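Encoded as structure tokens, the structure appears first; notes follow it.
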Amino acid sequence: NKGYNSVELMHTLNKIIEGQNLLKNEKDKDIKKELSKKIYKVSQSSLEFDRNNNLILNLTIDMPFKKEEGFVKGRTLGVDLGVKYPAYVCLNDDTYKREHIGEALELIKQRKQYQERRRRTQQQLKNVKGGKGRYKKLKNLNRLGECERNFTKTYNHMISKRIVEFAKKYKCQYINMEKLTKDGFNDSILRNWSYYELQSMVEYKADRVGIKVRYINPAYTSQTCSKCGHIDKENRQTQEKFKCTKCGLELNADHNASINISRSEDFVK
């Protein structure tokens, strides 16, 4: 939109990728030295225009990281998805080290608001044959969809960052998460949550600091007593309360499930 043709734009992109035009200060020898080593791997880069006709460079870079040293061997962080909290985390060897992350009700409230506004706009479109009015409503519909995606992505970034920070703080070697399928989400909160996006965010953020993410079979994690191992659907008395029918252990249900997840060895790919 500033008179450049596609060849000139791609040439500029290539110069950026090769590290040219990035060093305005020639005295910065450290940056020049690192770039000369080509330690940064560029992948899936592209140019595109946004809805305001601004040129956007999407530059994906695989940056090197220093793996964390001094983790506690075998220490694992269990991550449980909950209805009240998007994530509840707990250590396998010190169950007092735990934390709930985010508010699921806040997440679902925002997403339902976006979905309701989109539904109303779609209904209005049925009454508009064509012309400028229809164009404006279509544009608004696309904008609402983009806002909803951005909100969910930002929320998942927050949750994944806090999960990995917790694991790093307590020197965890592993992060255990349930391998859930879309069919497993019976609650509307979980159906409206982009869990697969969260998984990938946790994976690459954990990988940066040398923590391995493992997936476990989710069967019975919420019905199993983390103290005696007794499995009974009656153990889960309410959404938040867990009480073992055998040994009498009483615990927050999400806390109990996160302990089971952290200690599980029933791994799946």
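These numbers come from a predicted model, not from an experiment.
- Considering only heavy atoms from C-beta on, Asp207 stays 4.5 Å or farther from Glu203 through its side chain.
- Side-chain atoms of Asn235 and Gln223 form no donor-acceptor pair, as typed in the model, at a separation below 3.5 Å.
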Exercise for the section: Verify side chain to side chain donor-acceptor pair (under 3.5 Å) between Ser226 and Asn256, making sure each step is shown before the conclusion. Expected result: CA-CA 6 Å; Ser226 58; Asn256 180 74; 2.8 Å; yes
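- Between the side chains of Gln173 and Thr76, no donor N or O sits under 3.5 Å from an acceptor N or O.
- The existence of a salt bridge linking Arg162 and Glu99 is confirmed by a sub-4.0 Å separation between a basic side-chain nitrogen and an acidic carboxylate oxygen.
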Practice task
In sequence, state the C-alpha distance, the side-chain angles, and the governing distance for Asn217 and Lys179, and then conclude on side-chain contact (heavy atoms from CB on, under 4.5 Å).
Solution key: CA-CA 6 Å; Asn217 186 344; Lys179 190 69 172 182; over 6 Å; no
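- In the displayed structure, Tyr215 atom OH is contacted under 6.0 Å by more than 12 heavy atoms of other residues, nucleotides or ligands.
- Residues forming a side-chain contact (heavy atoms from CB on, under 4.5 Å) with Ser222 (at least two apart in sequence, or on another chain): Arg236.
- Every residue two or more places apart in sequence or in another chain that forms a side chain to side chain donor-acceptor pair (under 3.5 Å) with Ser160 is listed here: Lys205.
- Under a hydrophobic clustering in which Ile, Leu, Val, Met, Phe, Trp and Tyr are joined whenever their side-chain heavy atoms come within less than 4.5 Å, directly or via other members, Val209 and Leu77 fall into the same cluster.
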Problem - Candidate pair Val268 and Ile216, rule side-chain contact (heavy atoms from CB on, under 4.5 Å), full reasoning - result: CA-CA 5 Å; Val268 294; Ile216 66 149; 5.7 Å; no
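- In this structure, Asp254 contributes its side chain and Tyr88 its backbone to no donor-acceptor pair below 3.5 Å.
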Practice task
Apply side-chain contact (heavy atoms from CB on, under 4.5 Å) to the pair Arg75 and Tyr170, showing each step before the final yes or no.
Solution key: CA-CA 9 Å; Arg75 176 167 287 176; Tyr170 291 105; 4.3 Å; yes
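- No donor-acceptor pair closer than 3.5 Å links the side chain of Arg214 to the backbone N or O of Met177.
- The backbone N or O of Gly74 sits less than 3.5 Å from a side-chain atom of Asn92, completing a donor-acceptor pair.
- Of the possible polar contacts, one joining the Thr154 side chain to the Asn150 backbone as a donor-acceptor pair under 3.5 Å is found.
- Atom CG of Asp80 sits about 10.5 Å away from atom CD1 of Ile259, to the nearest 0.5 Å.
- A continuous path of ILVMFWY side-chain contacts below 4.5 Å connects Phe166 to Met158, so both sit in one hydrophobic cluster.
- Within the 4.5 Å cutoff, the side chain of Lys161 has no heavy atoms near those of the Met201 side chain.
- Asp232 and Thr245 get closest at one heavy-atom pair: OD2-OG1, 3.2 Å.
- Looking at Arg263 and Thr95, their side chains come closer than 4.5 Å, going by heavy atoms from C-beta outward.
- Atom-to-atom distance recorded for Ser258:OG and Asn252:CG is 8.0 Å, nearest 0.5 angstrom.
- When hydrophobic clusters are built by joining Ile, Leu, Val, Met, Phe, Trp and Tyr residues whose side-chain heavy atoms come closer than 4.5 Å, directly or via intermediates, Leu81 is not grouped with Ile261.
- Aromatic ring orientation, Tyr204 versus His157: perpendicular (interplanar angle above 60°, classes split at 30° and 60°).
- Residues Leu91 and Ile211 are members of one and the same hydrophobic cluster, defined by side-chain heavy-atom contacts under 4.5 angstrom among Ile, Leu, Val, Met, Phe, Trp and Tyr.
- Of all heavy-atom pairs spanning Tyr85 and Glu103, the tightest one is CE2-OE2, 3.8 Å.
- Side chains of Val89 and Arg98 form no contact here, defined as non-hydrogen atoms less than 4.5 Å apart.
- For the pair Phe242/Cys244, a side-chain contact is recorded, criterion being any heavy-atom separation below 4.5 Å from C-beta on.
- Under 3.5 Å, the side chains of Thr224 and His230 contain no donor-acceptor pair of N or O atoms.
- Annotation: the span from Asn176 atom CG to Asp266 atom CG amounts to 11.0 Å, rounded to 0.5 Å.
- Between the NZ atom in Lys168 and the CZ atom in Phe71 there is a gap of 14.5 Å [rounded to 0.5 Å].
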Exercise for the section: Verify side-chain contact (heavy atoms from CB on, under 4.5 Å) between Leu251 and Lys227, making sure each step is shown before the conclusion. Expected result: CA-CA 10 Å; Leu251 206 61; Lys227 182 179 179 180; over 6 Å; no
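- Ser262 and Cys90 make their closest contact through CB-O, 3.8 Å (heavy atoms, listed as atom of the first residue, atom of the second, distance).
- For Glu197 and Tyr155, the side-chain atoms include no donor-acceptor pair closer than 3.5 Å.
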